[in-house]
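See below for the structure under consideration.
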Amino acid sequence: MSGDKQSLAAPRGMRDFYPDEMALQCRITDTWRASAERYGFQRYDACVVESLDLLKRKAGEEIVEQIYAFKDKSDRDLALRPEMTPTLARMVAARQGSLDLPLKWFAIAQCFRYERTTRGRKREHYQLNLDIIGEPAVTAETEVIAAAVDALLQLGLSLTDFRVRISSRALLGDILAASGIPIEHHAATFLALDKRGKLPDEKIAELLTEAGVASEAQGGVFDVLGLTDLDQVRDLLKGRASAALAELEACCTGLTAYGLGDAIVFDISVIRGLAYYTGIVFEAFDTEGKLRAIFGGGRYDNLLASVGGRPQTGVGLGFGDVVVAELLAERGLTGSDEARGRITVGFMTIDQQPIARRMAATLRSQGEQVDLALHPEKPRAFFARADKRRFAKAAYIGPDDVTQGTVRIKNMVTREEEPLPV
RNA sequence: GUGAGCGUAGCUCAGUUGGUUAGAGCACCUGGUUGUGGUCCAGGAAGUCGCGGGUUCGAGUCCCGUCGCCCGCCCCA
């Protein structure tokens, strides 16, 4: 590539959507919207620029390094939103007194993050956000997960293409407590466990030691990661009461009732970083494990309070467009037929242009999507273009048609022509 | 921040131990075909080989630098 061409490329990590690519993008976002609405969520939207202070309150000072932050001309500290959740929390907190809880909202939001790009990770993406605020029961988790899975299925994937791994931070806390880890070490232990598979176990042991976990208790921590089903968890808890366990079971039961049981697996290693989650957490992955998480989320109890609202529980989910598009491509599900459904009208010489235009106007008034030729074309060129652009129908008007008073509308698939008086 | 790979036509790429005017497929344009598109035939246009420097009689090829893309790691959604 020459230097000039490079300047024509979108900035690093950003995407342009040419019409061919936009078709898939629309299919994804249309499906998101349909699934969210089918599950009774109401759409909202918000400003793309958010106050930096709000983002810091939720994620800490370090986040400034990872986002597009800037000052406006009045020296206000602002940022392109890296995610939707702080904005949602702000909007809810701002009208907390008048909103009817529990609320079920969704947004399809473009979010920005300033960081290294890799497969499935750009500096900009669109994300479906599903949130239920003010409902303590696990029905909230169930509905949110079921709606997201519905979108995956509507996109053409099957229950064997992905797995939703589900766990609970509260349950993990109970398990650690039963394993003799004092509660003040739980947060650091979560962080250490989240590194499992990314760092060698010796490194994790070091982190645990730094966190104050006694070395004799560390074996218990690693045993926790060996848990693969809820029966083992029950054994480990030895009859201790665990509301978190009951909730996790109830969530799985609800999803099974929706017919999604086969796609749900318990996975104690799902932690989701140091985010604001307090209860159930979940992440969906492709079954082969080749890609990053397709969607993820969980319950947050402290979010609203952290932005200055009154404490209120919530469940949220984020579902990005990039990874699911990769997965659809892997499965050969990126095709779209929607181009077939339009009509193109062409004419041989400028003399037929008025009639062609009148015909286009008539068809448009009937609700058809009509492309009118911008200049005269030879029949061969016209039909070649109609075919290449995948029009469903094509009408070509020449002097003979005008003389005879009929125009033929050709079905481009069957090649049959249908006369129509002009 | 870090490591690898790749930059040759609009796209995907080939290009031998350095050797004349740098190739292919697809796409594009024109014609065969002044009333009909997926095939066919003929022809055509299109590349300062990412950029800069160096070695050499000679560099797409080797060396150094630089920019870009991309994959992984760190981190994270």
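Lettering of chains follows the sequences in order, A, B, ..., and the numbering in each one begins at 1. Below, all heavy atoms of this structure are taken into account, side chains as well, without hydrogens, waters or symmetry copies.
The ring pair (Phe, Tyr, Trp, His ring centres under 6.0 Å) search around A/Tyr44 returns A/Trp105, not counting sequence neighbours. Here A/Lys388 pairs with nothing under the salt bridge (charged side-chain N to carboxylate O under 4.0 Å, His left out) rule; sequence neighbours left out. Here A/Arg90 pairs with A/Glu50 under the salt bridge (charged side-chain N to carboxylate O under 4.0 Å, His left out) rule; sequence neighbours left out. The salt bridge (charged side-chain N to carboxylate O under 4.0 Å, His left out) test applied to A/Glu326 returns A/Arg119, not counting sequence neighbours. With sequence neighbours left out, A/Asp371 forms a salt bridge (charged side-chain N to carboxylate O under 4.0 Å, His left out) with A/Arg385. Among residues two or more places apart in sequence or in another chain, the ring pair (Phe, Tyr, Trp, His ring centres under 6.0 Å) test is passed with A/Phe382 by A/Tyr396.
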Give the table of side-chain donor-acceptor pairs shorter than 3.5 Å for residues 153-164 of chain A, with sequence neighbours excluded, one pair per line with atom names and distance.
unit_1	atom_1	unit_2	atom_2	d
A/Ser158	OG	A/Thr160	OG1	2.9
A/Ser158	OG	A/Asp161	OD2	3.3
A/Asp161	OD1	A/Arg331	NE	2.7
A/Asp161	OD2	A/Ser158	N	2.8
A/Arg163	NH1	A/Leu159	O	2.9

For residues 350-357 of chain A, which side-chain donor-acceptor pairs fall under 3.5 Å, sequence neighbours excluded?
unit_1	atom_1	unit_2	atom_2	d
A/Gln352	OE1	A/Met348	N	3.4
A/Gln352	OE1	A/Thr349	N	2.7
A/Gln352	OE1	A/Thr349	OG1	3.1
A/Gln352	NE2	A/Thr349	OG1	3.1

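At the heavy-atom level, A/Lys410 lies under 4.0 Å from base atoms of the strands shown.
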Could you list, one pair per line, each protein nitrogen or oxygen that sits under 3.5 Å from a nitrogen or oxygen of nucleotides 32-34 of chain B, together with the distance?
unit_1	atom_1	unit_2	atom_2	d
B/G32	O6	A/Arg380	NH2	3.0
B/U33	O2	A/Arg380	NH1	3.1

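Less than 4.0 Å separates RNA chain B from no heavy atom of any residue of residues 80-94 of chain A.
Sorted by first then second residue, the ring-ring contact (aromatic ring centres under 6.0 Å, His included) pairs that include residues 12-37 of chain A, not counting sequence neighbours, are A/Trp32-A/Phe319.
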(request) Determine which bases of RNA chain B form Watson-Crick or G-U wobble pairs with both distances under 3.5 Å, and write the result as a 5' to 3' dot-bracket string with | for other-strand partners. (result) (((.(((..((((.....[...)))).(((((.......))))).....(((((..]....)))))))).)))....
